[in-house]
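Worksheet for the structure shown next.
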Amino acid sequence: MTITSVQSRIDTALAAAGRAPGSARLVAVSKVQPLERVIALLEGGHRLFGENRVQEAAGKWPALRERYEGVELHLLGPLQTNKVKAALECFDAIQSLDRPSLAEKLAAAAQERGVCPMLFVQINTGDEPQKAGVSPKEADRFIAECRKLDLPLVGLMAIPPVDEEPALHFALLAKIASRNGLSELSMGMSADFETAARMGATYLRVGSAIFGERVSG
Ligand SMILES: *Cc1c(COP(=O)(O)O)cnc(C)c1O
């Protein structure tokens with residue numbers, strides 16, 4: 001698929017659900033993709049990208065930002081506390097806020113820096129032991145803790161279990177966001193972005209459907 005056809009499928013799904021055009025933004029997930037594919041998207045005018053690792057992003061995006069104005073970069077993968085400073089330098093949004101120690105570190109680093117990227121709390125909607133994210137049972141309390149730290153929380157992110165109906169997880173995420181007054185929902189990947197668009201996603205994270213299969217990672 002090309003990014004144009006992914007975008008038109010998103011437009012169709014939004015229209016079918018009675019949602020406004022452009023109400024879900026497409027995050028092109030460029031992790032481990034060859035640089036020329038990323039540049040092709042930038043040349044075509046796309047500006048919103050997602051990466052999984054601080055080090056990989058720090059290695060390629062500063063140079064790309066110099067060449068292309070208006071890039072917006074989101075961190076989607078787990079963030080170690082010793083990489084917080086580097087992450088603040090590289091990313092406009094962090095979608096993987098998932099534990100109190102990270103919240104505290106982010107608050108301190110943001111205070112020092114004077115600015116903080118937009119933050120999404122990652123929810124482990126399937127309570128999967130191997131997956132990052134806050135358990136749905138702990139979500140309200142964790143969100144309240146983040147707010148006490150004055151962190152700029154905008155929404156929630158989730159990666160549903162591979163073997164379950166994603167719609168159930170999208171609905172759960174939307175419910176947690178709504179009862180906590182959070183407006184942004186990052187949900188939906190290559191296999192289920194149309195479902196997510198219909199169910200209220202405001203950010204869709206699509207990698208392989210745009211770029212083709214990843215070589216590794
Ligand atoms: C890799 C990744 C994606 C994109 O996955 P695809 O299935 O290739 O679209 C989305 N979100 C996160 C958190 C990822 O790690």
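Every value quoted in this text rests on a predicted model; they were computed, and no experiment measured them. Read the numbers this way: they start at 1 and go in the same order the structure lists the ligands and their atoms. Hydrogens, waters and symmetry mates play no part in the numbers below; they use all other heavy atoms, side chains included.
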Query - Residues Gln7 and Asp11: side-chain donor-acceptor under 3.5 angstrom - result: yes

Query - Residues Ser135 and Asp127: side-chain donor-acceptor under 3.5 angstrom - result: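 Yes, side-chain donor-acceptor contact under 3.5 Å.
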
Protein heavy-atom partner closest to [atom] - residue, atom, separation in Å:
atom	value
atom 6 (P) of ligand 1	Ser190 OG, 3.4 Å
atom 5 (O) of ligand 1	Met189 CE, 3.5 Å
atom 12 (C) of ligand 1	Arg205 NE, 3.8 Å

Query raised in the report: Side chain, backbone, both or neither: which part of Lys31 comes within less than 4.0 Å of ligand 1 when only heavy atoms are counted?
Result: side chain

Query - Any N/O pair Met157/ligand 1 closer than 3.5 Å - result: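 Checking ligand 1 against Met157, no N or O pair falls under 3.5 Å apart.
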
Residue [X] vicinity, atoms of ligand 1 by number, heavy atom under 4.0 Å:
X	value
Val206	9 (O)
Leu76	13 (C)
Ile159	13 (C)
Asn52	14 (C), 15 (O)

Polar side-chain atom of [X] near backbone of [Y] as donor-acceptor pair, under 3.5 Å:
X	Y	answer
Glu184	Thr202	no
Ser23	Arg19	no
Arg205	Ala28	no

Query - Test side-chain contact (heavy atoms from CB on, under 4.5 Å) applied to Pro100 and Arg141, Glu138, Glu145, the passing residue - result: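 With Pro100 as partner, side-chain contact (heavy atoms from CB on, under 4.5 Å) holds for just one option, Glu145.
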
**Report entry** Check: Phe91 ring centre within less than 6.0 Å of Trp61 ring centre
**Finding:** no

